[in-house]
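Please read all numbers here as calculations on a predicted model, not as lab measurements. We name chains A, B, ... by the order of the sequence lines, and we start the count at 1 in each one.
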Amino acid sequence: MLELRLVQGSLLKKVLESIKDLVNDANFDCSSTGFSLQAMDSSHVALVSLLLRSEGFEHYRCDRNLSMGMNLGNMSKMLKCAGNDDIITIKADDGGDTVTFMFESPTQDKIADFEMKLMDIDSEHLGIPDAEYHSIVRMPSSEFQRICKDLSTIGDTVVISVTKEGVKFSTAGDIGTANIVLRQNTTVDKPEDAIVIEMNEPVSLSFALRYMNSFTKATPLSDTVTISLSSELPVVVEYKVAEMGYIRYYLAPKIEE
Amino acid sequence: LKSQARISRFFRCS
């Protein structure tokens with residue numbers, strides 16, 4: 001049996017909003033490590049990896065590893081019925097075909113149960129190799145969201161280049177071109193406002209802005225975002241989920257054939 | 001001209 005109690009239920013609500021437009025159906029895996037998900041978008045260009053560590057839950061019971069296939073749109077519908085301050089408990093029986101989401105108001109005067117049907121999902125689990133990235137950029141997540149949104153009004157591909165000068169986001173379209181350069185800036189009042197550029201080697205890669213924009217749905221989860229780039233690999237766009245885990249989006253680059 | 005690569009080009013089934 002499985003019983004996971006998350007006091008900060010709004011985190012789970014935000015997590016679902018961050019992935020439901022990218023992935024339709026996915027298996028949530030539950031083990032002693034935590035509650036996790038790995039899934040690709042329907043065109044297999046992007047991959048999302050979510051981990052909510054068991055220590056982040058107030059109560060975490062998972063008697064044996066369990067994989068629960070869920071339609072993320074339906075799960076999102078149910079979680080939208082939870083208040084932002086509600087405590088959310090996820091419950092399931094081993095071998096059962098449903099999962100229950102229980103919402104408790106902070107004052108315990110309202111308790112709701114939503115039972116959702118599980119589904120069988122055939123999904124391949126991919127091995128993500130540990131990599132040394134050529135460049136890693138950390139910046140305010142709202143700034144990254146703004147850049148992706150602005151550039152997608154001009155073009156559909158962003159070129160992200162990291163050099164000694166900073167990180168450059170460029171696009172081109174029918175009406176013209178756009179370049180946005182950010183320089184490292186660590187002299188800020190709040191650490192989350194810093195722009196930190198760690199360049200081991202210069203790198204330049206092209207990506208579809210449509211996916212980048214989709215990743216920025218995770219902006220409410222974290223003040224900062226980390227973008228890791230290597231010329232041989234998909235970019236990793238990572239948002240921390242409070243102290244308990246992360247959402248990592250992997251996006252395959254556009255490459256010359 | 002560049003074309004969109006798929007994830008499977010980089011990550012293998014585990």
Side-chain angles (χ1 to χ4, degrees), chain A residues 22-23 27 29 36 38-49 67 122-131 133 155-161 170-172 204-212 214-215 228-237 248-257, chain B:
Chain A
L22 193 64
V23 176
N27 284 313
D29 297 311
S36 65
Q38 191 203 81
M40 278 190 277
D41 79 294
S42 57
S43 53
H44 292 198
V45 167
L47 180 143
V48 56
S49 173
S67 188
D122 237 359
S123 72
E124 44 188 352
H125 205 268
L126 296 176
I128 301 168
D130 283 328
Y133 284 91
D156 56 14
T157 300
V158 59
V159 180
I160 306 179
S161 309
S170 309
T171 195
S204 182
L205 285 161
S206 300
F207 300 102
L209 274 166
R210 185 164 73 84
Y211 290 97
M212 287 290 184
S214 176
F215 302 165
S228 303
L229 297 144
S230 260
S231 51
E232 302 296 315
L233 289 171
V235 63
V236 191
V237 179
R248 289 179 187 148
Y249 300 99
Y250 296 83
L251 177 59
K254 292 190 172 189
I255 50 179
E256 288 186 45
E257 288 296 345
Chain B
L1 205 69
K2 293 186 173 181
S3 63
Q4 177 64 61
R6 285 180 155 206
I7 284 289
S8 56
R9 185 186 178 110
F10 307 94
F11 301 156
R12 300 264 167 259
C13 277
S14 58

| field | L1(B) versus chain A, the contacting section by heavy-atom distance below 4.5 Å | value |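 Contact with chain A involves the backbone of L1(B) alone.
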| request: Please state whether the side chain, the backbone, both or neither of R12(B) comes within less than 4.5 Å of a heavy atom of chain A. | output: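 Contact with chain A is through the backbone of R12(B) alone.
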| Using non-hydrogen atoms only, which part of T157(A) is less than 4.5 Å away from chain B: side chain, backbone, both, or neither? |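 Contact with chain B involves no heavy atom of T157(A) at all.
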| Heavy-atom closest contact (K254(A) atom, K2(B) atom, distance) |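 The answer is O-CD, 3.7 Å.
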| Shortest non-hydrogen contact between I7(B) and L126(A), atoms and distance |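 Closest approach of I7(B) to L126(A), heavy atoms only: CG2-CD1, 3.5 Å.
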| Do the ring centers of Y250(A) and F11(B) come within less than 6.0 Å of each other? |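 Y250(A) vs F11(B): aromatic centres under 6.0 Å.
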| Value rounded to 0.5 Å, distance of CZ in F10(B) from CG in L47(A) |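 Spacing of CZ (F10(B)) from CG (L47(A)) equals 12.5 Å.
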| query | When you measure from the side chain of Q4(B) to the backbone N and O of A252(A), does any donor-acceptor pair fall under 3.5 Å? | reply |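 Yes: the side chain of Q4(B) pairs with the backbone of A252(A).
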